[in-house]
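First the structure, then my questions, so here it is.
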Amino acid sequence: MSNYVEYAGAALSTKELTGAARAFYEAAMQAELAKNSLSAFFPDTQVDSIDLRLEDFDFSRPEIAKNRAWDAEPFRGSTAKAGFRTFQNVPISQAEVLSELDQLRARLSNNDKILNLVYGSLTRQVNAVIDALEYQRGLTLTNAKFTATTRGGVKFEDEWGRAPEANPTSAIQFNNPDADILGELEKFSDAYKKLNGFRPGTILVSPTIKRAIARNKQFTVNLNNGGYIPGNTAQVNAVLENNELPALTTYERDVNVGGVLTPVLDPKNIYLLPPSAQGILGNTVFSPTTASMEAGFSPAEQAGIYAGIHQRPTVPSTREVVVDAVAMPVLSNPNFAFVSKVLP
């Protein structure tokens, strides 16, 4: 694998391409966060191995301390339960062929045309990785496990172990305008606190659920003629706040899965989560790639997005832009991700 390509007079090193891919990834992720990406709950972290270990801690509050007599030994509380779960990070990549015709057109123009061709392909492949990781974060939140299947049928699966209490069946349907939505959300919040020791800081919903809540009679605005209109966002959140519940956070994102636009989160589910700023739900874990090692990257540079141009051996005039990573979302505290289906 060449680390330096003289491409019709345009010098493109693997490190330069990788640097450009990582810079685009960082800028794109900032834009994603501004649009309310699940990466807020699964911030990126880089590690130096693909064989990883997840520590499971008991987050319940300890028994209260005991008073003692003077000169008496202190009471010995129970040791926090801890265990370990091992898992293996997985590769994720995308390649795009630079066709012979497109290359010829670019070569007959100038170096800027060639660079635009390469970097245009590069940004598309990075976006494909971004979408894949967001989709996998959604599956991880919904199912409390990581699942991925390669084109060759190889299946990766890691079960994070969410308690049944964190995935209850809703007693009501939120599209019923007379349903006691407040009561159901309060029950969810109480169950969350009982399980985790603190109340949720985020209620994540689809626009469909948000509209259903706004039309519920507990959230509507009464009119002078006896009628009512749906509450707006501020009014709905004010009612929730008055009942010691978090404000609604609306999430809607579709990605292209096998040519079909697919929602990242099930629009019929409601998700109770910790505040995103606390970073206690999980991470998106990046491990080193073989390609970055072969390209001579230092150990500190090997984890993260890698990009390169490879010449296809069967058609020497054809090249492809490859973006590669070893990355997956990890739900380190599965009971913090409370999920319930509230629409039929």
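Basis for what follows: all heavy atoms, side chains included, without hydrogens, waters or symmetry-related copies.
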| query | Does I305 reach the side chain of V323, with side-chain heavy atoms less than 4.5 Å apart? | reply |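 Of all side-chain heavy-atom pairs linking V323 with I305, at least one is under 4.5 Å.
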| query | Within a reach of under 6.0 Å around CD of E159, are more than 12 heavy atoms found that belong to other residues, nucleotides or ligands? | reply |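 More than 12 heavy atoms, drawn from other residues, nucleotides or ligands, come within 6.0 Å of this atom.
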| request: Establish, from distance only, whether the side-chain atoms of E252 and S206 form a donor-acceptor pair under 3.5 Å. | output: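 The criterion, which ignores hydrogens and geometry beyond distance, is not satisfied for S206 and E252.
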| request: Using modelled atom types only, decide if a donor and an acceptor are shared between the side chain of Q94 and the backbone of Q125 within a distance under 3.5 Å. | output: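 Such a contact is absent between Q94 side chain and Q125 backbone.
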| Of all heavy-atom pairs between I280 and S332, which one has the smallest distance, and what is that distance? |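 That would be O-OG, 4.1 Å.
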| Linking Ile, Leu, Val, Met, Phe, Trp and Tyr by side-chain heavy atoms under 4.5 Å, what else ends up with L33? |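 Members other than L33 - counting any ILVMFWY side chain reachable under 4.5 Å - there are none.
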| field | Worked verdict on L182 versus L245 for side-chain contact (heavy atoms from CB on, under 4.5 Å) | value | CA-CA 9 Å; L182 277 176; L245 292 164; 4.1 Å; yes
| Enclosure of D178 CG (heavy-atom neighbours >12, cutoff 6.0 Å) |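 Result for CG/D178: enclosed.
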| said: Looking at A291, is its backbone amide N or carbonyl O close enough to the side chain of E294 to form a donor-acceptor pair, meaning the two atoms are under 3.5 Å apart? | reply: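 The answer is no, because no donor-acceptor pair under 3.5 Å joins these two groups.
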| Do F42 and V330 touch side chain to side chain, with heavy atoms closer than 4.5 Å? |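 The answer is no, as the side chains (C-beta and beyond) never meet within the 4.5 Å cut-off.
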| In Å and rounded to the nearest 0.5 Å, what is the CD1 to CD1 distance from I130 to I92? |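 It comes to 10.5 Å.
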| request: Determine whether the aromatic ring centres of F336 and F198 lie less than 6.0 Å apart. | output: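 So the answer is yes for these two rings.
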| request: State, to 0.1 Å, how close W160 and M328 come at their nearest heavy-atom pair, and which atoms those are. | output: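 Of all heavy-atom pairs spanning W160 and M328, the closest is CZ2-CE, 4.0 Å.
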| field | Side chains of P263 and R253 in contact at under 4.5 Å (non-hydrogen atoms) | value |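 No. Closest side-chain heavy atoms not under 4.5 Å.
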| query | Could you state the interatomic distance from CD1 (I181) to CD1 (I213), rounded to the nearest 0.5 Å? | reply |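 Atom-to-atom, I181:CD1 and I213:CD1 are 5.5 Å apart.
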| query | Going by distance alone, is a donor N or O of one side chain under 3.5 Å from an acceptor N or O of the other, for E184 and S170? | reply |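 There is such a pair (donor and acceptor under 3.5 Å, judged by atom type) between the side chains of E184 and S170.
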| task | Flag this pair as yes if the NZ/CZ of K15 is under 6.0 angstrom from the six-membered ring centre of F297 and inside a 45 degree cone about the axis; otherwise no. | result |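 Yes, K15 sits over the ring of F297.
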| query | CG of L223 to OH of Y228: how many Å apart, nearest 0.5 Å? | reply |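 Reported value, rounded in 0.5 Å steps: 10.5 Å.
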| CG of N242: more than 12 outside heavy atoms within 6.0 angstrom? |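 Counting neighbours around CG of N242, more than 12 heavy atoms of other residues, nucleotides or ligands fall under 6.0 Å, so yes.
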| said: Applying the side chain to side chain contact (heavy atoms under 4.5 Å, CB included) criterion to F41, which one of L273, N283, L141, T140 satisfies it? | reply: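 Result: among L273, N283, L141, T140, L273 is the only option passing the side chain to side chain contact (heavy atoms under 4.5 Å, CB included) with F41.
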| message | Given 3.5 Å as the limit, does a donor-acceptor pair link the side chain of N232 with the main chain of A234, or not? | response |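 The answer is yes, because a donor-acceptor pair under 3.5 Å joins these two groups.
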| message | Please evaluate residues T86 and D51 with respect to the criterion side-chain contact (heavy atoms from CB on, under 4.5 Å), reporting the C-alpha separation (whole Å), side-chain torsions for both, the decisive distance (0.1 Å), and the verdict. | response | CA-CA 7 Å; T86 59; D51 296 311; over 6 Å; no
| task | Compare all side-chain heavy atoms of L240 with those of N237 and state whether any distance is below 4.5 angstrom. | result |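 Yes. Closest side-chain heavy atoms under 4.5 Å.
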| message | With clusters defined by side-chain heavy atoms of hydrophobic residues (ILVMFWY) lying less than 4.5 Å apart, directly or transitively, does V322 cluster with F286? | response |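 Result: no, two separate clusters.
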| query | In terms of the angle between their ring planes, are F188 and F338 parallel, tilted or perpendicular, with boundaries placed at 30° and 60°? | reply |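 Judged by the thresholds at 30° and 60°, the geometry between F188 and F338 is tilted.
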| field | For Y271, ring-ring contact (aromatic ring centres under 6.0 Å, His included) partners two or more places apart | value |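 Checked Y271 against ring-ring contact (aromatic ring centres under 6.0 Å, His included); zero matches.
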| query | Is there side-chain contact between I203 and T249, with at least one heavy-atom pair below 4.5 Å? | reply |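 Of all side-chain heavy-atom pairs linking T249 with I203, none is under 4.5 Å.
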| Donor-acceptor contact present, side-chain S340 to main-chain P168, <3.5 Å |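 Pair found, side chain donor or acceptor close to backbone of P168.
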| message | When you measure from the side chain of S93 to the backbone of D324, do you find a donor-acceptor pair of N or O atoms at a distance under 3.5 Å? | response |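 Such a contact is absent between S93 side chain and D324 backbone.
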| message | Please tell me whether R137 and T284 have a donor and an acceptor in their side chains that are separated by less than 3.5 angstrom. | response |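 R137 vs T284: donor-acceptor pair found between side chains.
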| Is a side-chain donor or acceptor of D158 paired with a backbone partner of F146 at a separation under 3.5 angstrom? |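 A pair under 3.5 Å: no.
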| request: Quick one: pull up NZ in K194 and CD in E165 and give me the separation to the nearest 0.5 Å. | output: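 Between atom NZ of K194 and atom CD of E165 there are 8.0 Å.
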| said: Could you tell me if E186 and S189 have a donor-acceptor pair between their side chains, going purely by distance under 3.5 Å? | reply: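 The answer is no; no qualifying pair exists.
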| Roughly how far apart are K193 NZ and R199 CZ, rounded to 0.5 Å? |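 That separation rounds to 6.0 Å.
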| query | Do the charged groups of R68 and E73 touch, with an N to O distance under 4.0 Å? | reply |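 Salt bridge: no.
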| Connected via hydrophobic side-chain network under 4.5 Å: Y25 and V326 |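 Different hydrophobic clusters.
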| Taking everything shown except D71 itself, do over 12 heavy atoms lie less than 6.0 Å from its CG? |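 It does not: D71 CG has 12 such atoms or fewer within range.
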| message | Same cluster or not: V47 versus F87, using hydrophobic residues (I, L, V, M, F, W, Y) connected whenever any side-chain heavy atoms lie under 4.5 Å apart? | response |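 In one cluster: yes.
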| message | Tell me whether K66 at atom NZ has more than 12 heavy atoms from other residues, nucleotides or ligands lying less than 6.0 Å away. | response |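 Yes.
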| task | Is it possible for you to say whether L343 and V205 belong to one hydrophobic cluster, with membership spreading through side-chain heavy-atom contacts below 4.5 Å? | result |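 Linked, L343 and V205 end up in one cluster.
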| field | Lys/Arg-Asp/Glu bridge criterion (N-O < 4.0 Å) met for D266, K341 | value |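 No.
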| request: Give the minimum heavy-atom separation between G231 and V221, together with the two atoms involved. | output: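 Closest pair (atom of G231, atom of V221, distance): CA-CG2, 4.1 Å.
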| query | What is the minimum heavy-atom distance between R22 and A303, and which atoms define it? | reply |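 Smallest heavy-atom distance, with atoms named: NH2-O, 3.4 Å.
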| query | Do you know the tightest heavy-atom contact between S276 and T202? | reply |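 Here S276 and T202 meet closest at N-OG1, 4.2 Å.
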| said: What I want to check is whether the side chains of E32 and S39 have a donor and an acceptor closer together than 3.5 Å. | reply: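 Side-chain D/A pair, E32 to S39: absent.
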| request: Start with the C-alpha gap between N89 and L52, add the side-chain angles, then the distance that decides, and say whether side-chain contact (heavy atoms from CB on, under 4.5 Å) holds. | output: CA-CA 7 Å; N89 214 340; L52 308 172; 4.2 Å; yes
| task | Would you confirm whether E301, through its side chain, and S298, through its main-chain N or O, come within 3.5 Å as a donor-acceptor pair? | result |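 Judged by distance alone, yes, a pair lies under 3.5 Å.
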| Is the side chain of N216 donor-acceptor paired with the backbone N or O of Q218 at a distance under 3.5 Å, no angle test? |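 Side chain of N216 to backbone of Q218: a pair is present.
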| Would you call K145 and E157 a side-chain contact if the rule is heavy atoms closer than 4.5 Å? |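 They are in side-chain contact.
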| message | Looking at T14 and A295, would you say the former's side chain and the latter's main chain have a donor-acceptor pair under 3.5 Å? | response |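 No; judged by distance alone, with no hydrogens or angles, the pair does not exist.
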| task | Indicate yes or no for a side-chain donor-acceptor contact from R162 to the backbone of A337 under 3.5 Å, with no hydrogens or angles considered. | result |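 A pair under 3.5 Å: yes.
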| request: With side chain to side chain donor-acceptor pair (under 3.5 Å) as the test, would you mind laying out the steps for N256 and Y135 before giving the verdict? | output: CA-CA 9 Å; N256 185 341; Y135 181 62; over 6 Å; no
| task | Let me see the working for T147 and L139 under side-chain contact (heavy atoms from CB on, under 4.5 Å), right down to the final yes or no. | result | CA-CA 8 Å; T147 55; L139 291 176; 4.1 Å; yes
| D180 versus I172, closest heavy-atom pair with distance |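 Heavy-atom minimum between the residues: O-CD1, 3.5 Å.
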| L185 and I270, any side-chain heavy atoms less than 4.5 Å apart |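 They are in contact (side-chain heavy atoms under 4.5 Å apart), so the answer is yes.
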| query | Does some side-chain heavy atom of L38 sit less than 4.5 Å from a side-chain heavy atom of L265? | reply |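 Yes; the side chains approach each other to less than 4.5 Å.
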| said: Rounded to the nearest 0.5 Å, what separates atom CG in N269 from atom CD1 in I209? | reply: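 With rounding to 0.5 Å, CG (N269) is 6.5 Å from CD1 (I209).
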| said: For F24 and Y119, I'd like to know if the aromatic rings sit close, meaning centre-to-centre distance below 6.0 Å. | reply: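 Ring centroids of F24 and Y119 are no less than 6.0 Å from each other.
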| query | Does one side chain, of T208 or K268, offer a donor that lies under 3.5 Å from an acceptor on the other? | reply |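 Judged by distance alone, the side chains do not pair up.
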